[in-house]
Amino acid sequence: MCMTTAWTQAGQIDGGAEPEPKVGGGAARLTERPEIDPAAAALITAEQAVRLRVVPYALEGGRLLVAMMDTEDLAAADEVSVCAGRAVTRVPIEQAVFAELLRSAFGTTAAQMAARLGGGAQEGDELVTNLEAIEADDLHRMAEQPSLINLVNLIILEAIRARASDVHIEPFERLLAVKYRVDGLLVEQQPPPKHLQPAITSRIKIMAGMNIAERYAPQDGHITLRFEGRKIDIRVSTVPTLYGESVVMRILDKESVQLDLATLGMRENDRAGMQKLIDLPHGMVLVTGPTGSGKTTTLYAALTKLYDPSLKIITIEDPVEYELSGVNQIPVNAKRGLSFAGGLRSILRQDPDVIMVGEIRDGETADISVRAALTGHLLFSTLHTNNAVSAVGRLLDMGVEPFLLASVLEGILAQRLGRRMCPLCRVRSPLPEEVRHRLAPAEAALFPGGEGWTGTGCEKCGGAGMRGRVGFYELVLTTPAMRQGITERRGAMDLMRMVQPGFMTMRRDGVIKAAEGLTTVEEVLKATQDAEESPVVAG
């Protein structure tokens, strides 16, 4: 990395020339991507471009034209000038155009850098698996090499740019695989050289505050960084495998998440039902689904919707995924004895109006949650069940008294996530035969002429035809008949016959969205195949 030693003036960075007029007042902001001169872009590293939020794109009259998100960031311009050895002209640029320009100039740098770093590998290096032979001090030195630091930074930053939720670094006998999970699917990246495995793993562990000398026990860590002005939290997990440590980095982009029920894909009827639950003065509201189905995001959206300065809202979560303004959020800390049950007891002494429990995992937490809802609190929580009414049986199995559950349970939302179709490149297309025969007659009737939608792929979605995710929901509002059924310990099939008029299953909700072009039928069937179908005729 270049050291910044030159002095800075508005509009130029060099020690002798006359200063230009201030860019912010004279130069027009770029609203379209300019042509990139490769010689100009090559004057700084990709890591610098991302960190400083700058892209050198042209040489003009001996000066370097640099597109900048913030033209008042003189320290960034100073660093570019010193590294490039040229005076700099700062040019303001729109954020969306800057992101496109950055991808065009530096989009494949992680793979290119890995290839360059692999030049020093010796024949057979990729087969070395005896990591015991590497001393901790050597690992530290390897992890502190500037080129290696840049490589790891770029792996993370390119994952953020790709909207990845996770980065997986998996060691195998002859390969170190790097995969990004984008919209729920793992996408394999160009693998770095196998001989860099110890250094890459150690660098990530140093960033996450983990013990690099411990290679034979699972560890957890945390990284916080800023990307394009946004705060990014990364949860890091390592586990020992046969050929080294497997690393998973969970990316939590706190400012990119959409905490709005409509944006998440909830239809108007379900939003109206959720609003009724949110407006309740007390009771229990549950959100169910498997890991990664968006339960926590839905609860965050509900808390955001009900937030009022006159309400005391407290959450206990493991971990706190997104920071909510005006909400007191408590992270579970098992090492210090703070569990869901213990934390919930303490929360009740804080005089809250609304409580969110990240997950009900055991009988003790379930019992305290029910009693909290019984004593005048509105309580939100999550469970792992396949559909909405199965949550009742799960809580009864945990030891909750049926008459207590029947009196406090107000509603259950079950959900899944599927990939959202790119609206820019979707086209009508016939449903494949293997999909059509899996649809019930009422579902098939939603597709006139047997035609659905498919994404052909475009620049916006990276050729995938899909971009983002959409939720499939089923909302059960507790009816008087259901309360009686819960008290009598009736089974899930019986309870399904007691749901409110107009109830719609997740599958039916998803098929409607597929017919509207929000997703594909294949995505709906894949996401909801584990959810039992309702005997109720959906409205």
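Quantities reported herein were computed from a predicted structural model and do not represent experimental measurements.
- Scanning for salt bridge (Lys or Arg N to Asp or Glu O under 4.0 Å) contacts around Arg33 gives Glu100, with sequence neighbours left out.
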Worksheet entry | Worked check of side-chain contact (heavy atoms from CB on, under 4.5 Å) between Arg181 and Val167 | CA-CA 6 Å; Arg181 188 177 294 281; Val167 179; over 6 Å; no
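- Residues Pro171 and Ser246 form a side-chain contact, since some pair of their non-hydrogen atoms from C-beta on lies under 4.5 Å apart.
- Asp233 places no side-chain N or O within 3.5 Å of a backbone atom of Thr224 that could act as its donor or acceptor partner.
- Rounded to the nearest 0.5 angstrom, Ile206 CD1 and Asn211 CG are separated by 10.5 Å.
- With rounding to the nearest 0.5 angstrom, the CZ atom of Arg250 is 14.5 Å from the CD1 atom of Ile223.
- To the nearest 0.5 angstrom, Asn333 atom CG is 9.0 Å from Asp318 atom CG.
- Here the side chain of Arg467 pairs a donor or acceptor atom with the backbone of Lys460 at under 3.5 angstrom.
- Distance alone, capped at 3.5 Å, is enough to place a donor-acceptor pair between the Arg63 side chain and the Val88 backbone.
- Between Gln415 and Val287, the closest side-chain pair of non-hydrogen atoms falls below 4.5 Å.
- Within the 4.5 Å cutoff, no side-chain heavy atoms of Ile212 are placed close to those of Arg203.
- Counting heavy atoms from C-beta on, the side chains of Ile313 and Asn328 never come closer than 4.5 Å.
- With a 6.0 Å radius and a threshold of 12 heavy atoms from other residues, nucleotides or ligands, Glu434 has its CD atom above the threshold.
- Taking a cutoff of 4.0 Å between a charged side-chain nitrogen and a carboxylate oxygen, Asp220 and Arg235 do not qualify as a salt bridge.
- The structure places CG of Asp260 at 9.0 Å from OG1 of Thr304, a figure rounded to the nearest 0.5 Å.
- Counting heavy atoms from C-beta on, the side chains of Ile234 and Leu252 never come closer than 4.5 Å.
- Between atom CZ of residue Arg428 and atom CG of residue Leu431 there is a gap of 9.5 Å, rounded to the nearest 0.5 Å.
- Closest approach of Thr31 to Val97, counting heavy atoms only: O-CG2, 3.3 Å.
- A salt bridge does not link Glu268 with Arg271: every distance from a Lys NZ or Arg NE/NH1/NH2 to an Asp or Glu carboxylate oxygen is 4.0 Å or more.
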Item to complete: Dump the intermediate steps for side-chain contact (heavy atoms from CB on, under 4.5 Å) on Arg267 and Lys513, then the final yes or no.
Response: CA-CA 9 Å; Arg267 294 182 307 108; Lys513 287 167 181 171; 3.9 Å; yes
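- Between Arg215 and Glu245, none of the side-chain N atoms (NZ, or NE/NH1/NH2) sits under 4.0 Å from a carboxylate O, so this pair counts as no salt bridge.
- A donor-acceptor contact under 3.5 angstrom links the side chains of Gln329 and Glu317, judged on distance only.
- Checking side-chain atoms of Lys205 against main-chain N and O of Ala213 turns up no donor-acceptor pair under 3.5 Å.
- Tyr180 places no side-chain N or O within 3.5 Å of a backbone atom of Leu185 that could act as its donor or acceptor partner.
- You'll find the side chain of Leu151 reaches within 4.5 Å of the side chain of Leu196, heavy atoms only.
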Discussion item. Please evaluate residues Glu188 and Val178 with respect to the criterion side-chain contact (heavy atoms from CB on, under 4.5 Å), reporting the C-alpha separation (whole Å), side-chain torsions for both, the decisive distance (0.1 Å), and the verdict.
Written reply: CA-CA 6 Å; Glu188 194 155 7; Val178 176; over 6 Å; no
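- Closest heavy-atom contact between Thr71 and Val91: CG2-C, 3.9 Å.
- Taking all atoms of both residues into account, the shortest heavy-atom contact from Ala40 to Leu64 is CB-CD1, 3.8 Å.
- Remark: the backbone N or O of Gly358 is paired with a side-chain donor or acceptor of Thr382 at under 3.5 angstrom.
- The backbone N or O of Leu413 sits nowhere less than 3.5 Å from a side-chain atom of Lys295 that would complete a donor-acceptor pair.
- Nearest heavy-atom pair across Phe380 and Ala302 is CE2-CB, 4.4 Å.
- Nearest heavy-atom pair across Ala527 and Phe472 is CB-CE1, 3.8 Å.
- At distances below 3.5 Å, at least one donor-acceptor pair connects side-chain atoms of Thr298 with backbone N or O atoms of Gly294.
- In this structure the side chain of Thr201 reaches within 4.5 angstrom of the side chain of Gln197, judged on heavy atoms.
- Side chain of Thr519 to main chain of Arg419: a donor-acceptor pair is present (N/O by atom type, distance under 3.5 Å, no hydrogens or angles).
- A salt bridge is absent between Arg420 and Glu523: the closest approach of a Lys/Arg side-chain nitrogen to an acidic carboxylate oxygen does not fall below 4.0 angstrom.
- For the atom pair CE of Met68 and CG of Asp73, the computed distance is 5.0 Å after rounding to the nearest 0.5 Å.
- When side chains are defined from C-beta on, Ile93 does not count as touching Tyr57, because their heavy atoms never get closer than 4.5 Å.
- We find that Arg53 and Asp70 are not joined by a salt bridge, their nearest charged nitrogen and carboxylate oxygen being 4.0 Å or further apart.
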Item to complete: Show your working on side-chain contact (heavy atoms from CB on, under 4.5 Å) between Gln529 and Arg507 and close with a plain yes or no.
Response: CA-CA 8 Å; Gln529 61 185 343; Arg507 171 165 164 153; over 6 Å; no
Worksheet entry | side chain to side chain donor-acceptor pair (under 3.5 Å) between Gln219 and Glu214, worked out | CA-CA 9 Å; Gln219 293 189 64; Glu214 177 54 78; 5.8 Å; no
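- Taking both residues in full, the closest heavy atoms of Lys194 and Phe172 are given as NZ-O, 2.5 Å, listed atom of the first, atom of the second, then distance.
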